[in-house]
Structure formats: C-alpha cells, structure tokens
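If you're wondering where the values come from, they're calculated on a predicted model, not measured in any experiment. Here is the naming used below: chain letters follow the sequence lines, and residue numbers restart at 1 for every chain.
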Amino acid sequence: MLHIRGLVMGYGGEPVLSGCDLDVEAGEFVSLIGPSGSGKTSVLRAITGLTRPQHGTVDIDIAAHEIGYLFQDDALLPWRTTLENVALGLRIRGVTRGAAEDTAARWLARLGLERFGNRYPRQLSGGQRKRVAIAQVLALQPKLLLMDEPFSSLDAIVRMRITEELLEWVEREHLTVLLITHDLEEAISLSDVVYVLSQGPRATIRSKHAIEIARPRHVLDSRGDPRFGPLLRLLWSELS
Amino acid sequence: MKRLRVRRGLAIGLLLMAWESLSRVGWLDPFYLPPPSTVGAVLISLFADGAIWTHLAATCTAAFAGLAGGLLVGVMLGFAAALSPLVADLLEPVMILLNAVPRVILAPLFVIWLGIGLSSKVALALVLVAVLIFFAVYNGIKEVDRRLVERVLTLGGERRHLVREVYVPSVTAWVMGTLKVAVGFAFTGAVVGEFVASSRGLGYLLQFAQSSYNAGLTIALIVIIMAFVLVLFALAEWLERRLLRWRQG
C-alpha cells in the first residue's frame with residue numbers, strides 16, 4: 001500500500017533523515033521507532049506532502065483522502081465545538097453540515113463522548129481531546145492511518161485505555177497503520193512489523209523486525225507472550 | 001464584584017463632594033474649575049434645549065463611519081499583506097510610517113482635501129483605526145498556529161478552508177482584542193477633526209467653549225464624551241465575550 005525508497009529529509013542544512021526504505025502492506029500494523037531527532041515525524045510529513053523530500057520517492061496506491069493522520073498533539077480548532085471539530089474533515093470534503101454533524105455525533109457516541117458535543121476543546125481533559133482527535137480522523141473512514149506518537153502526552157491509565165480502544169477500531173475497520181513511537185513496548189505489543197531508525201542527523205533504517213504474535217492483539221496480553229521479552233531486549237540493544 | 005462597584009462609586013462620590021465643598025468655601029476659583037453642581041446644570045441645560053443632539057449625532061456619525069470604514073480597510077489590507085508578499089512589501093513601509101507618527105497631524109490635510117463637513121472627520125477616524133487594525137490582522141495571520149494549518153491541510157483542506165477555519169477565527173480574536181482601542185481611536189479622530197475645522201459636533205462645541213473661556217461647558221462636554229466611550233467599551237466587551245466564548249475554560 002505504501003512504499004518509500006531512498007527518502008532523504010531535511011530542513012535546509014544537514015539532512016535529518018538520509019536513506020529510509022519502508023513498506024507498509026494493506027492490513028499491516030507497522031511501527032517506526034527511533035530516538036528523538038531521528039526524523040521519525042519527517043517520514044509522515046513526506047507521506048502527507050506537508051514537507052517535500054530532498055531525495056527519494058513515496059509511492060502510495062490509495063488516494064490522498066484515504067489517508068488519516070493523527071498528530072502528536074490533538075490540534076483541534078479551539079473555536080469550534082467538539083462536534084464541529086469531528087465534522088470538520090467531512091465538511092471540507094463537501095458533505096452538508098447536517099449530514100456531517102450526524103456522522104460526527106455517531107463517532108462521538110462510539111468514543112463515549114456523546115455528552116460533550118457542545119463543549120469547546122479548552123473545556124475537555126487531555127484524554128477527551130485525544131478521543132475527539134481520533135473521532136475526527138476515523139469519521140473520514142481512512143484506509144491508511146498514520147499516527148505520530150499519538151498518546152505520548154497522556155497519563156499511563158488513559159493511555160492504556162485509549163490504545164485498547166483504538167486497536168479495536170483498527171481490527172474492526174481493517175485499517176492499515178503506520179505508527180511513529182519511541183516506546184518500544186508499545187511498538188512490539190501493537191505491530192506486525194517494527195522498523196528501527198538510527199540516531200540522527202543522517203538517520204537511516206537500522207533494522208526491520210517481524211513480530212509473530214497473532215492478531216487481534218490486546219495491549220496487556222501481548223506483553224505476556226514469551227517472544228515479547230527477547231524482542232524488547234533486541235530492540236533496546238539496537239537503539240542504545 | 002458588587003463590593004468593588006460600591007467602593008468605586010463611593011470613591012467618585014467622595015471626590016465630587018470634596019470638589020463641591022472646596023468650591024463653596026471659595027478655595028477653588030469657579031472661573032477655572034466650576035463646581036459639579038454648575039457642570040451638572042450645564043449638562044441638564046444642554047440636553048433640555050435639545051441643542052446637544054445635532055452635535056452628538058455629528059460626532060457619533062463620524063466616529064462610527066470611521067470605525068466601520070477603518071475596520072473594513074484594515075482587515076482587507078491586513079489579509080492582502082499576509083497572503084501576498086508583494087502587497088506586504090508595498091504596504092508595510094507606509095503602515096509603519098503611519099503607525100510611527102501621531103496620525104492626527106493629517107487632520108488639516110483632510111480639511112483641505114475634503115472640506116469642513118463630515119467626510120474629513122470620517123477620513124481621520126478611518127485612518128486612525130485602519131492602521132491599528134491592519135497590524136492586528138497582519139500579525140494575527142503571520143502568527144497563526146501552524147499545527148492548525150497543517151491539521152486542516154491533512155484533512156484535505158484547501159486555501160479557502162484555511163481562510164474560513166483558521167485565519168478568520170484567529171484574526172477575529174486579534175481584532176476583538178483591539179476593538180476597545182479602536183473605539184477610542186475613532187472618537188479621537190472624530191473629535192480632533194471637529195476641533196480643527198467644523199460647524200458642528202462635540203469637538204466644535206469644545207473649540208467654542210475654549211475660545212469663550214467657558215470651563216463649565218468644557219467639563220460638561222468632556223463628561224459627555226467619557227460617558228459615551230464608556231458605554232461603547234461595555235458594548236465592545238460584551239461582543240468580545242460573545243464572539244470569543246471558546247476562550248472560557
């Protein structure tokens with residue numbers, strides 16, 4: 001579904017990322033891990049066209065509007081209500097206000113936020129805002145979901161709960177996922193394939209690991225799998 | 001809140017009483033500083049014979065027309081400069097210059113160009129407001145939150161979506177923040193314009209009161225202008241609270 005070859009990313013001066021090859025096949029859950037400053041986010045910026053690569057190619061065999069992007073911070077419009085924020089993507093795609101808000105209300109209900117439709121982002125907790133951001137992206141029914149450390153700002157309990165919820169949606173909607181994270185346990189417990197980036201600048205893909213734990217996964221169960229510990233130690237040694 | 005109001009009212013009341021008593025015992029010369037009772041009587045007579053209304057109407061018309069025009073011109077130029085580097089290069093030096101000088105020095109020029117009627121006052125108020133609003137809009141757009149821009153882009157948004165969903169709301173917040181200053185500027189423009197050359201308006205009355213050494217009338221007019229601007233401030237504040245509801249936690 002997504003094929004990246006020889007990607008070089010930089011913002012003037014020395015490239016942050018030099019030489020990244022990465023494949024995501026339909027239905028796969030792929031993670032990209034690496035230390036801070038290894039250009040993890042740059043990969044997503046290249047895929048979504050926010051930043052033009054210095055070199056290399058990004059081939060995607062789905063339309064741009066079938067890609068959903070979950071940011072590191074929730075980036076909700078502060079002047080729009082929760083409902084309007086969730087409806088935003090649909091409105092941009094030309095859906096009428098009424099229809100867009102009906103769909104948005106359904107997604108809010110699915111994520112347990114039906115009572116918060118009229119609140120503004122400032123009136124929500126961090127976890128609630130994150131759920132709104134998830135609803136905003138899922139409401140567009142993407143085929144490929146890009147996630148940039150989406151849960152790093154949440155406390156451990158909320159994080160676990162939201163990850164579990166999202167995993168459910170990934171299975172239910174047969175989503176293909178590319179997750180950027182620096183959390184090794186998260187990467188192993190969720191993914192089919194993990195790519196490891198070296199330290200930047202001029203970071204490259206160091207290795208690629210297939211995670212053979214069966215799906216559907218559960219965040220806690222995967223951690224109890226006998227293959228989890230050795231993989232964790234292997235990835236840790238590669239990162240340090 | 002209520003206690004604060006009571007205290008403020010009490011402070012003003014005490015000041016007026018002290019002023020009145022000092023006049024009565026002869027410590028203040030009523031020629032220079034007539035007591036509140038005299039000023040009050042002047043105020044009543046101004047409204048009683050109805051002569052004040054044409055002047056009030058003239059000043060308000062000039063101030064509101066200048067405010068509306070200034071908002072319109074400032075918003076349009078601010079948007080144009082923020083979205084087009086060419087326009088920014090052309091406009092920025094002019095605006096910086098206009099911002100640096102006290103813009104009321106343009107008043108005599110507007111009288112020569114537009115005559116002593118309403119239009120020269122509107123023009124002065126407009127220039128005062130437009131420069132202020134221009135910078136609010138221009139800076140507002142330049143400092144817009146990049147994450148929100150990228151959010152709209154990655155949801156498939158185009159330029160028009162960015163303008164509607166991100167730029168206009170951000171700019172509204174900036175403009176609302178300067179609205180109170182703009183109201184003050186609009187009245188400054190109108191009154192100063194009338195002061196320079198006119199046949200009616202509060203500025204004209206002030207000019208007349210000064211030339212006839214009528215301190216009572218001068219103070220009464222100052223009180224009227226202050227009261228008016230305070231009412232408008234309250235209105236602007238109400239509008240700000242309404243439009244920026246999303247800011248409340």
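- Side-chain atoms of B:Thr59 come within 3.5 Å of backbone N or O of B:His55 as a donor-acceptor pair.
- With A:Ser18 contributing its side chain and A:Pro15 its backbone, the two residues share no donor-acceptor pair below 3.5 Å.
- Within residues 85-107 of chain A, the residues having any heavy atom less than 4.5 Å from a heavy atom of chain B are, in residue-number order, A:Leu88, A:Gly89, A:Ile92, A:Arg93.
- With A:Gln128 contributing its side chain and A:Ser125 its backbone, the two residues share a donor-acceptor pair below 3.5 Å.
- Between A:Glu168 and A:Arg172, at least one side-chain N (NZ, or NE/NH1/NH2) sits under 4.0 Å from a carboxylate O, which counts as a salt bridge.
- Inspection of the A:Thr82 and A:Tyr120 side chains reveals no N or O donor paired with an N or O acceptor under 3.5 Å.
- Ion pairing of A:Glu173 with A:Lys143 is absent here, as no side-chain N (NZ or NE/NH1/NH2) approaches a carboxylate O to less than 4.0 Å.
- Contacts of A:Arg80 with chain B are made by side-chain atoms alone, with heavy-atom separations under 4.5 Å and no backbone atom involved.
- In this structure, the portions of A:Ala75 lying under 4.5 Å from any heavy atom of chain B include both its backbone and its side chain.
- When all heavy atoms are compared, the tightest approach of A:Asp74 to A:Arg129 is OD2-NE, 3.3 Å.
- Side chain of A:Glu28 to main chain of A:Glu25: a donor-acceptor pair is present (N/O by atom type, distance under 3.5 Å, no hydrogens or angles).
- A donor-acceptor pair is defined here as one N or O able to donate and one able to accept, closer than 3.5 Å; no such pair exists between the side chain of A:Asp148 and the backbone of A:Phe71.
- For a heavy-atom cut-off of 4.5 Å, chain B lies close to A:Gln136, A:Val137, A:Leu140 in residues 132-142 of chain A.
- Judged as a salt bridge (Lys or Arg N to Asp or Glu O under 4.0 Å), and not counting sequence neighbours, A:Lys130 has no contacts.
- Residues A:Val177 and A:Leu144 approach most closely at N-CD1, 4.4 Å, considering heavy atoms.
- Close approach to chain A, defined as a heavy atom under 4.5 Å from one of its heavy atoms, is seen in B:His161, B:Arg164, B:Glu165, B:Val166, B:Pro169, B:Ser170 of residues 160-191 of chain B, taken by number.
- Across every non-hydrogen atom of A:Glu114 and A:Gly112, the tightest pair is OE1-C, 3.2 Å.
- In terms of heavy-atom pairs under 4.5 Å with chain A, the best-connected choice from B:Leu244, B:Asp145, B:Thr154, B:Leu153 is B:Thr154.
- Here the closest non-hydrogen pair linking B:Gly115 and B:Ser120 is O-OG, 2.9 Å.
- Looking at B:Ser84, its side chain never comes within 3.5 Å of a backbone N or O of B:Ala81 through a donor-acceptor pair.
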